[in-house]
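Input: a single structure, listed below in structure tokens.
The shown structure was predicted, so the numbers you read here are calculated from the model rather than taken from an experiment. Each ligand, and each atom within it, is numbered from 1 in the order the structure gives. We count residues from 1, following the sequence as given.
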Amino acid sequence: MIKIFPSILSADFARIMEAVQLVEEAGADGLHIDIMDGHFVPNLTFGPELVASLKEKTNLLLDVHLMVENARHFIHLFAEAGADWLSIHAEGAVHLHYDLQLIKKLGKKAGVVLNPATPIHSLTEVINEVDFVLLMTVNPGWGGQEFIPGCHQKITRLKNWIKGQQLSLPVEIDGGVKIDNFEELIADGADIFVVGSGIYRTPDPAATLRRFKEIAAAQERKE
Ligand code: DX5
Ligand code: ZN
């Protein structure tokens, strides 16, 4: 099933709850929350307090993407705050296997994130600990960037590689997803689509999200 997770990184931070309610009412399948520490990526965003506060006010699944150094230190904090899915970068973790097990022990879905330059085979030794793979289709740190064209092929290669491991894990993609490239990205094989500026920076974000959902439903009917 194709899912859309709007990313609040592109919302108006001073009106964050309005932005969340808007996508919840328009049919979002989850909410993507980008955590940046100013070290792993050169930008700063939110802490666990925001996640805890949102948890009280929305029923949306909370998909927390950790772009931080020392992710292990933050895993407990965000798990306690109410993250449902927690993803950590393969490039940032010295003990990736342990950290993924920790996320699962805390009762959360564990994801590995791969930057555009990180090869798929970095997953080889941890894939059995993983509930989903998050493929960066821009370099992390900012919303509103262009989709990196070479990632089309990487999505398909990742999907095939997962099948080759006799697994059926969802592939989530993050960065540069827009109405205009959505159908092509579905054809590439992605399952979950993080969309920031492609929803929140359009004139009518709710209508845009509904359009994403219509396109997804039409593609699913074809299959
Ligand atoms: C980028 C973040 C993304 C960001 C995507 O580092 O991980 O989640 O919100 O934004 P768009 O959809 O605008 O490329
Ligand atoms: Zn993200």
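- Counting heavy atoms under 4.0 Å from ligand 1, residue Ser7 touches it through the side chain alone.
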For Ile148 and Asn139, run side-chain contact (heavy atoms from CB on, under 4.5 Å): C-alpha distance rounded to whole Å, both residues' side-chain angles, the deciding distance at 0.1 Å, then the answer.
CA-CA 9 Å; Ile148 298 171; Asn139 285 296; 4.0 Å; yes

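- Atom OG1 of Thr45 is separated from atom CH2 of Trp142 by 12.5 Å, given to the nearest 0.5 angstrom.
- Checked against a 3.5 angstrom limit, the closest N/O atoms of Gly141 and ligand 1 fall inside it.
- For the pair ND1 of His65 and OD2 of Asp174, the angle at the Zn ion (ligand 2) is about 90°; rounding is to 10 degrees.
- The backbone N or O of Glu49 lies less than 3.5 Å from no partner atom in the side chain of Ser53, so there is not a single donor-acceptor pair.
- Ligand 1 has at least one atom lying under 4.0 Å from a heavy atom of Trp142.
- With respect to atom 10 (O) of ligand 1, the closest heavy atom belonging to the protein is Gly143 CA, 3.6 Å.
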Working for ring pair (Phe, Tyr, Trp, His ring centres under 6.0 Å), residues Phe212 and Phe193
CA-CA 10 Å; Phe212 269 104; Phe193 297 78; 8.0 Å; no

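- Here's the thing with Gly144: one of its N/O atoms is less than 3.5 angstrom from an N/O atom of ligand 1.
- In this structure, Lys178 has no heavy atom closer than 4.0 Å to ligand 1.
- Some N or O of Gly176 is nearer than 3.5 Å to an N or O of ligand 1, by distance alone.
- Those atoms of ligand 1 with a heavy atom of His32 less than 4.0 angstrom away are 8 (O).
- Residue contact annotation: Arg201 has no non-hydrogen atom under 4.0 Å from ligand 1.
- Of all protein heavy atoms, the one closest to atom 13 (O) of ligand 1 is Ser197 OG, 2.6 Å.
- Judged purely by atom type and a 3.5 angstrom limit, Thr58 has no side-chain atom pairing as donor or acceptor with the backbone of Lys55.
- Every atom of ligand 1 is numbered from 1 in the order shown, and the set under 4.0 Å from a heavy atom of His65 is 7 (O).
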Go through the steps to decide whether Phe78 and Trp85 satisfy the test ring pair (Phe, Tyr, Trp, His ring centres under 6.0 Å), and finish with yes or no.
CA-CA 10 Å; Phe78 283 96; Trp85 291 21; over 10 Å; no

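- Side-chain N or O atoms of Asp37 include one that pairs as donor or acceptor with a backbone N or O of Phe40 at under 3.5 Å.
- Side-chain contact of Asp174 with Ser7: a donor-acceptor pair under 3.5 Å is absent, judged by distance alone.
- Salt bridge annotation for Asp29-Lys213: present, with a cationic side-chain nitrogen under 4.0 angstrom from a carboxylate oxygen.
- Here is the list of ligand 1 atoms found below 4.0 Å of a heavy atom in Met36: 6 (O).
- For Met136, every heavy-atom contact with ligand 1 shorter than 4.0 Å involves the side chain, none the backbone.
- The option with the heavy atom closest to atom 5 (C) of ligand 1, from among Ile8, Leu134, Val194, Asp174, is Asp174.
- Close approach to Gly175 involves these atoms of ligand 1, each under 4.0 Å from a residue heavy atom: 14 (O).
- Under a 4.0 Å criterion applied to the non-hydrogen atoms of Leu9, ligand 1 contributes the atoms 4 (C), 9 (O).
- Distances between N or O atoms of Gly196 and those of ligand 1 include at least one value under 3.5 Å.
- Residue-ligand proximity, Asp34 to ligand 1, at heavy-atom distances under 4.0 Å covers atoms 2 (C), 3 (C), 4 (C), 7 (O), 8 (O), 9 (O).
- Geometry at the Zn ion (ligand 2): OD1/Asp34 and NE2/His32 form an angle of 90°, nearest 10 degrees.
- Heavy atoms only, all atoms of each residue included: Asn115 and Met136 are closest at OD1-CG, 3.8 Å.
- In this model, no donor atom of one side chain and acceptor atom of the other lie less than 3.5 Å apart for His97 and Asp99.
- Residues Asp63 and Lys109 are not paired through a salt bridge, judged by the lack of any N-O separation under 4.0 Å between the basic side chain and the carboxylate.
- Of all atoms in ligand 1, numbered sequentially from 1 with element shown, those under 4.0 Å from a heavy atom of Pro140 are 6 (O).
- A donor and an acceptor atom, one from each side chain of Ser10 and Ser197, are nowhere located under 3.5 Å apart.
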